[in-house]
Amino acid sequence: MDRPPRKEASMADVARLAGVSSQTVSRVSNGSTVVSEETRDRVLSAMKELNYRPNSAARALKSGKFRTLGVVLFTLATTGNVRTLEAISASAAAEGYAITLLPVATPTSTGVSGAVTMLGEQVVDGIIVIMEVRLLDAAISLPPHTHVVVADSDAGDRYSVVDTDQSGGARAAVRHLLDLGHRTVAHVAGPAESYAAQRRAHAWRQTLEEAGRPVPTPVDGDWSAASGYEAGLVLAADPSCTAVFAANDQMALGVLRALQERGRRVPEDVSVVGFDDIADSASFLPPLTTVHQDFAEIGRRCVDGVLRQIRDETTERGTTLVPTHLVVRASTGPPPRG
């Protein structure tokens, strides 16, 4: 004979077993500090004995806080986006928040607004938008009073933005090569629609101009090692090219392969610098000199910023830049003599 399903324990059941009020059980469930340690231990013991699970959905509806953050982004195909998302997830989890991820197929203001609306319907407390590319139709526009932080954007006049110091990192890379004695520095640029690529290219050009050095025509890439390889073939054919700044490590990897295939030694004939300091960059052949981005800090500041807005019931604007630093390895050296 089948037994009837076991009735789930209620808050009142826990209160009776622990000898306290239902309000005290509620306080323990919500992590309140006004309950004594002795009473808390008694309530937790009763919860365990009865296999009681607090109804988090009911608590969220009552308090208006769901302990969930929405993340909007356009692609997971880039190293920067993946590492930023990992950092956001880790920082949110450390604060007791879950993540709801909503990819947007096309980078348009309509797509972003629709994603934010959808996340609002899924009851999130705040939103982080990873905006690594310019919108195709207009600037980002979000509903008023939205608790939001935007990563990698130029929207600091309207929203709270957290970004890597792209310009500072690119300047450090170019200055390193010039200080080694190179006359100028070639550049393998990222996609034109990318905020990061634009800032890195601008800083590369500006640093050369300020030093009174010739500015070579940049070679375009798309962040991939394959595009870096094609760019590297172009640069390898130019005997005057002795130094290359690639806008990310993956393209730098392609450049290294192209130079090796064309008999241009690194760093004896050509020095190469990347950007990102991905986990594998120290294992390139030769190990890659690159600009280190602190993705963990970017994620932490994004989460801290949106939680501060949630806590203070406010919105913020302005840009916070996370510092970079150059990691010098074996792929750079002085130019060849003569």
Side-chain angles (χ1 to χ4, degrees), residues 79 164-190 196-221 223 225 227-294 323-338:
T79 298
T164 292
D165 185 4
Q166 312 284 356
S167 297
R171 283 179 175 276
V174 177
R175 285 172 180 158
H176 169 66
L177 292 166
L178 295 180
D179 289 345
L180 286 170
H182 295 275
R183 175 171 175 265
T184 190
V185 179
H187 183 47
V188 181
Q198 291 170 2
R199 293 191 184 95
R200 295 171 196 178
H202 178 75
W204 158 78
R205 179 181 298 276
Q206 191 173 54
T207 305
L208 290 179
E209 290 174 345
E210 290 173 352
R213 306 299 178 88
V215 181
T217 301
V219 185
D220 294 332
W223 296 136
S227 71
Y229 173 74
E230 294 299 326
L233 293 177
V234 173
L235 297 172
D238 180 1
S240 69
C241 176
T242 66
V244 179
F245 167 47
N248 78 334
D249 289 351
Q250 290 293 336
M251 293 193 298
L253 175 61
V255 170
L256 291 175
R257 176 193 165 197
L259 292 171
Q260 191 274 333
E261 288 185 0
R262 293 299 186 266
R264 304 290 301 277
R265 299 169 301 165
V266 178
E268 293 84 357
D269 300 321
V270 183
S271 290
V272 179
V273 179
F275 200 115
D276 283 339
D277 194 22
I278 62 175
D280 295 334
S281 60
S283 299
F284 288 3
L285 191 61
L288 182 67
T289 295
T290 183
V291 177
H292 177 81
Q293 293 198 72
D294 192 344
T324 59
H325 67 269
L326 186 70
V327 180
V328 178
R329 299 192 180 104
S331 67
T332 53
R337 294 184 178 183

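Below, each value reflects all heavy atoms present in this structure, side chains not excepted, and no hydrogens, waters or symmetry copies. Since the structure is predicted, the reported quantities are computational estimates derived from the model, not experimental observations. We number each residue from 1, following the sequence as shown.
- When every heavy atom of R329 is checked against every heavy atom of P287, the shortest pair comes out as CB-O, 3.5 Å.
- The distance from the CD atom of Q250 to the OG atom of S281 is 10.0 Å, given to the nearest 0.5 Å.
- When every heavy atom of V272 is checked against every heavy atom of S331, the shortest pair comes out as O-OG, 2.6 Å.
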Are W223 and D276 close enough, and set up right, to give a side chain to side chain contact (heavy atoms under 4.5 Å, CB included), and what steps lead you there? CA-CA 11 Å; W223 296 136; D276 283 339; over 6 Å; no
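- The salt bridge (Lys or Arg N to Asp or Glu O under 4.0 Å) analysis of residues 228-249, with sequence neighbours excluded, yields no pairs.
- Side-chain contact check for V219 versus V244: every heavy-atom pair is 4.5 Å or farther apart.
- A distance-only check finds a donor-acceptor pair linking the side chain of H182 to the backbone of G333 [under 3.5 Å].
- With L326 as the fixed residue, the side chain to side chain contact (heavy atoms under 4.5 Å, CB included) test singles out one of T290, V273, D277: V273.
- No side-chain donor-acceptor contact under 3.5 Å links D280 to the backbone of S283.
- Residues forming a side-chain contact (heavy atoms from CB on, under 4.5 Å) with H202 (at least two apart in sequence, or on another chain): Q206.
- Identified under the salt bridge (Lys or Arg N to Asp or Glu O under 4.0 Å) test for residues 252-264, with sequence neighbours left out: R257-E261.
- The nearest pair of heavy atoms linking R205 to P218 is NH2-CD, 4.0 Å.
- Between the side chain of W204 and the backbone N or O of V185 there is at least one donor-acceptor pair closer than 3.5 Å.
- Heavy-atom minimum distance, L259 versus A236: CD2-CB, 3.8 Å.
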Check against side chain to side chain contact (heavy atoms under 4.5 Å, CB included), N248 and T79: CA-CA 9 Å; N248 78 334; T79 298; 5.7 Å; no
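- Across all their heavy atoms, A252 and G274 have their closest contact at CB-CA, 4.1 Å.
- We find the CG-CZ distance between L208 and R183 to be 11.0 Å, quoted to the nearest 0.5 Å.
- Residues meeting the ring-ring contact (aromatic ring centres under 6.0 Å, His included) test with H176, sequence neighbours left out: none.
- Residues that satisfy the side-chain contact (heavy atoms from CB on, under 4.5 Å) test with T164, not counting sequence neighbours, are Q166, Q293, I298, T324.
- Atom CG of L285 is separated from atom CG of L253 by 10.5 Å, given to the nearest 0.5 angstrom.
- Put simply, the side chain of T184 never gets that close to the backbone of R213: no donor and acceptor are under 3.5 Å apart.
- Taking a cutoff of 4.0 Å between a charged side-chain nitrogen and a carboxylate oxygen, D179 and R175 do not qualify as a salt bridge.
- What you find for V270 and A243 is that their closest heavy atoms are CG1-N, 4.1 Å.
- Pairs of residues two or more places apart, or lying in two chains, that qualify as ring-ring contact (aromatic ring centres under 6.0 Å, His included) and include a residue from residues 242-270 are H187-F245.
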